[in-house]
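For reference, the structure discussed in these notes is given below.
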Amino acid sequence: MLQRLYDRTLAIAGHKRALHGLAAISFAESSVFPIPPDVLLIPMVLADRTRAWLIAAVCTVASVLGGLAGYAIGYFLFESVGQPVLQFYGHMDAFAEVQRVFREWGFWFVFAAGFTPLPYKVITIASGVMILDPVLFLIASAVSRGGRFFLVCALLWYFGPPVRRFIEGNLRLLSVLFVVMLFGGFVAVRYVV
């Protein structure tokens with residue numbers, strides 16, 4: 001069953017409209033959606049390494065535009081949209097901590113967070129609430145998100161065939177590790193951040 005799911009994911013990643021799906025996920029993840037774009041970005045590069053740079057660029061642009069949407073939610077619609085989104089995902093405690101850190105670090109916090117697996121929507125919404133300079137926000141988002149996505153794509157472009165063989169040879173173990181890490185990430189965000 002896992003093998004069929006993996007094969008299906010690679011087939012979707014190689015589809016002619018996969019870039020549209022990646023753009024939609026990247027945009028939504030930066031403002032309201034909990035799933036990172038890496039779940040589609042990685043199989044897309046593994047399916048066609050020659051498009052790695054295009055895939056990274058689409059992911060970056062869409063993520064930054066989604067970040068602007070998150071900023072707008074925080075700035076204009078926090079009470080009606082931003083707060084319910086953060087409450088739905090259980091990120092209100094994290095948001096309070098983010099606000100505290102924002103007062104001191106602002107630009108650098110957005111810059112660092114763009115590289116991490118922290119839920120980026122919390123950062124973008126907080127940027128709007130805290131009225132971080134929009135130009136600084138755009139620069140921090142573009143550099144950090146672009147750096148993250150281009151780094152992932154560069155590594156997959158360079159190490160593609162061995163990575164794909166490793167994944168295919170260890171699919172069950174990697175699936176278990178992914179679920180454990182995903183669950184651990186949600187627990188960490190909920191209780192640590």
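What you see below is based on every heavy atom in this structure, not just the backbone, and it leaves out hydrogens, waters and symmetry mates.
Taking each heavy atom of A62 and S26 in turn, the nearest pair found is CB-CB, 3.7 Å. Counting all heavy atoms, side chain and backbone alike, A56 lies closest to C153 at CB-SG, 3.6 Å. Among all heavy-atom pairs drawn from L22 and L40, the shortest one is N-CD2, 3.6 Å. Minimum heavy-atom separation, F78 to V129: CD1-CG2, 3.5 Å. Heavy-atom minimum distance, T60 versus A142: CG2-O, 4.2 Å. Summarising the geometry of S63 relative to F149, their closest heavy-atom pair is CB-CE1, 3.7 Å, with the distance given to 0.1 Å.
In this structure D38 satisfies the side-chain hydrogen bond (donor to acceptor under 3.5 Å, both in side chains) test together with R148, sequence neighbours excluded.
Separation of atoms OG (S127) and CZ (F107) is listed at 11.0 Å; rounding is to 0.5 Å. The structure places CD1 of I73 at 7.0 Å from OG1 of T124, a figure rounded to the nearest 0.5 Å. Atom-to-atom distance recorded for S31:OG and L68:CG is 10.0 Å, nearest 0.5 angstrom. L136 contributes atom CG, which lies 10.5 Å from atom OG of S141 (distance to the nearest 0.5 angstrom). Atom CZ in F111 sits 14.0 Å away from atom CD1 in I123 (nearest 0.5 Å).
Within the 4.5 Å cutoff, side-chain heavy atoms of V110 are placed close to those of Y120. The side-chain heavy atoms of P134 and Y75, taken from C-beta on, include no pair separated by under 4.5 Å. Under the 4.5 Å side-chain criterion, counting only non-hydrogen atoms from C-beta, S30 is not in contact with V64.
A donor-acceptor pair under 3.5 Å is absent between the side-chain atoms of Y71 and the main chain of L138, judged by distance alone.
For the side-chain contact (heavy atoms from CB on, under 4.5 Å) with M44, the lone residue among L54, I55, L156 that qualifies is I55.
Classified by interplanar angle (parallel below 30°, tilted 30° to 60°, perpendicular above 60°), the ring pair W157/W53 is tilted.
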